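In what follows, every heavy atom counts, from backbone to side chain, and hydrogens, waters and symmetry copies are set aside. Because the structure is a prediction, the values reported are computed rather than measured. Lettering of chains follows the sequences in order, A, B, ..., and the numbering in each one begins at 1.
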2 protein chains.
Amino acid sequence: MEKDRVDPLLLRLGGYVAMGAEESEALSRAVRRSPAIQPYEEILGDGSRDVCVLQSGLACQFKLLGNGRRQITGLLVPGDILDFGFLTGTGPQGHFMTLCRSDVGRIPIQSFTALCEQHPRIMQAVLRASAVHAAIGQERVLSLGLRTALERVAHLLCEMYHRLDAVGLVSGRTTYDFRITQAEMGEALGLSTVHINRTLQALRRSGYITMRNGKVTIENMDGLCAEGNFDPAYLANITIGSQARPN
Amino acid sequence: MEKDRVDPLLLRLGGYVAMGAEESEALSRAVRRSPAIQPYEEILGDGSRDVCVLQSGLACQFKLLGNGRRQITGLLVPGDILDFGFLTGTGPQGHFMTLCRSDVGRIPIQSFTALCEQHPRIMQAVLRASAVHAAIGQERVLSLGLRTALERVAHLLCEMYHRLDAVGLVSGRTTYDFRITQAEMGEALGLSTVHINRTLQALRRSGYITMRNGKVTIENMDGLCAEGNFDPAYLANITIGSQARPN
DNA sequence: CGCGGGGTTGATTGGATTCAATAGGCGTGG
DNA sequence: CCACGCCTATTGAATCCAATCAACCCCGCG
């Protein structure tokens, strides 16, 4: 099973806008692969404006707040563009680092610009990805602002399932790799490590999930979604006009 | 003092990119003014893709979560573009409504597109505004995720000061209009009304602020900033390349 | 004058944190 | 090969910040 998986970026963008072989190839060619990055290594430290894409592994975006407090402001899965600042000509927000061994691809900003000019669909797909990224951010605010611990964790596990599924990283129906420590989960969800631990236990006891070796299996999808108020709609790309809306 | 203030949108965008008289006028001309909107009226309910700008008053963006819970995901001050979805061709995230009597201007999306093509600086400024909008969102995550109640409120009051100052809505050094109820503040900061009340009292007792008639005065800016871990840098527009960065 | 919304206060409750200690897994080095 | 150390997960106890519940005050308004 050492097969070279399809580029997750292609899967991601292809999920937004159907792309022809020519476009896929052009996109693939533009990506510069770098050597694998070790866990807990900072990405994007350099001032380059390249478009960075997580190719494999898991990464996060975070911000520091004096006295050692840290907030993880976003989790990044393969196929994710780390930061969309290049769209507005601004630098990345906060810091980025890997949470496990990962690969990061880069598209030099000039290549990217040329690519988008030649292939409007690619541009369109990137814009959709950016919109979904923003929607994920909104959901994070909802979680931190008014969801209980149980809801936050349940919601996160559902979200990860859908995001990983979109890039073909879910195996056997509902199992996916999620190499994150409980402490990191806490930093992402605004909860203490201890409470994350107890909350995960509750979800396991209820039969919603099982966890083994950094792999999460959702045993009761409906139950977990209900527990976390999860509605996958925000992960889809909704365009006004292209899809007639009920109202 | 009934003078027609300078269009806050011009002040906002002009703060990002210096614009000539021609550009300012073109921008002004593009904005369609609507009749004043009453408090607690929903904006953007229609499916239009117009670029909406708050011209006066105060508004918020919010999302609902079953069982009546509501999270205010953003506060909007004059000069703010309500939603940047038009940049990605997607619809607005969540709902928008006024918090007090307000005016909303609209730029039909076609006019906007034409405007940006003819005046690249306007496009550039809008992109900067979009980036700052995103940065404000990140700070919100920080607040909800790891700031204490006191820090959240202090931070918010500092943020509003800077945002309103940017559009000329601060009077007498540090006084600004902030017609928001404590309940709404709580919904924005993920705190209960009662706790907001007590936190505001603490800030007043410490001599950081005074409040009267919906007007906030910051009496001790340094103290309030320190209390809220507030650093105004994220409200500035930082562009890679245009400004040399220390590192 | 009664009503309603917003602000204030006190008492109580509770979800989550913090502190503290133990257990398990894994890599390194003796 | 085992010992040691480190990191992560787990558990229990105590504490605390903020929520909830419940009045009450104040004021503008019909």
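Partners of B:N220 by side chain to side chain contact (heavy atoms under 4.5 Å, CB included), not counting sequence neighbours, listed by chain and number: B:Y208, B:D222. With sequence neighbours left out, the side chain to side chain donor-acceptor pair (under 3.5 Å) criterion links B:R70 to B:E187. A search for side chain to side chain donor-acceptor pair (under 3.5 Å) contacts involving A:S171 returns nothing, not counting sequence neighbours. Partners of B:D177 by salt bridge (charged side-chain N to carboxylate O under 4.0 Å, His left out), not counting sequence neighbours, listed by chain and number: B:R179, B:K215. Taking the salt bridge (charged side-chain N to carboxylate O under 4.0 Å, His left out) definition, one finds that A:R33 meets it with A:D7, sequence neighbours left out.
Counting only residues at least two apart or in different chains, ring-ring contact (aromatic ring centres under 6.0 Å, His included) contacts with residues 134-154 of chain B are absent.
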5'-to-3' dot-bracket of DNA chain C (Watson-Crick, G-U; under 3.5 angstrom; crossing pairs as [ ]; | other strand): ||||||||||||||||||||||||||||||
Below 3.5 Å between N/O atoms, which protein atoms pair up with nucleotides 13-16 of chain C? Just atom names and distances, please.
unit_1 : atom_1 : unit_2 : atom_2 : d
C:dA16 : OP1    : A:A149 : N      : 3.0
C:dA16 : OP2    : A:H195 : NE2    : 3.1
C:dA16 : O5'    : A:H195 : NE2    : 3.4

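From B:D165, atom CG reaches atom CZ of B:R173 across 9.5 Å, with rounding to the nearest 0.5 Å. With rounding to the nearest 0.5 angstrom, the CG atom of B:N197 is 4.5 Å from the CD atom of B:Q182. With rounding to the nearest 0.5 angstrom, the CG atom of B:L203 is 11.5 Å from the OG1 atom of B:T210.
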Letter per nucleotide, 5' to 3', of nucleotides 22-30 of chain D [B base touched, S only sugar-phosphate touched, - untouched; heavy atoms, 4.0 Å]: ---------
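Atom CZ of B:R32 is surrounded by 12 or fewer heavy atoms from other residues, nucleotides or ligands within 6.0 Å. Annotation: B:R69, atom CZ; neighbour count of heavy atoms from other residues, nucleotides and ligands within 6.0 Å is above 12.
In this structure, A:L189 atom CG and C:dT17 atom C1' are separated by 15 Å, rounded to whole Å. B:I196 has its CD1 atom 14 Å from the C1' atom of D:dC17, to the nearest Å. Counting to the nearest Å, the C1' atom of D:dA18 and the CG atom of A:L146 are 15 Å from each other.
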Anything under 3.5 Å between a donor and an acceptor, one on a side chain of residues 74-82 of chain B, the other on a protein residue two or more places apart or in another chain? List them.
unit_1 : atom_1 : unit_2 : atom_2 : d
B:D80  : OD1    : B:R12  : NH1    : 2.3
B:D80  : OD2    : B:V77  : N      : 2.8
B:D80  : OD2    : B:R163 : NH2    : 2.6

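Side-chain N/O atoms of B:R198 and base N/O atoms of C:dG7 include no donor-acceptor pair closer than 3.5 Å.
Within residues 200-215 of chain A, no residue places a heavy atom under 4.0 Å from DNA chain C. At a non-hydrogen distance threshold of 4.0 Å, B:T181, B:Q182 from residues 174-188 of chain B come into contact with DNA chain C.
Taking 4.0 angstrom as the limit, A:N197 places a side-chain polar atom (N or O) nearer than this to OP1 or OP2 of D:dT10.
Between the side chain of B:T217 and the main chain of B:T174, no donor-acceptor pair closer than 3.5 Å is present.
A donor-acceptor pair shorter than 3.5 Å cannot be found between the side chains of B:Q93 and A:Y234. Side chains of B:H155 and B:E139: a donor-acceptor N/O pair is present below 3.5 angstrom, by distance only.
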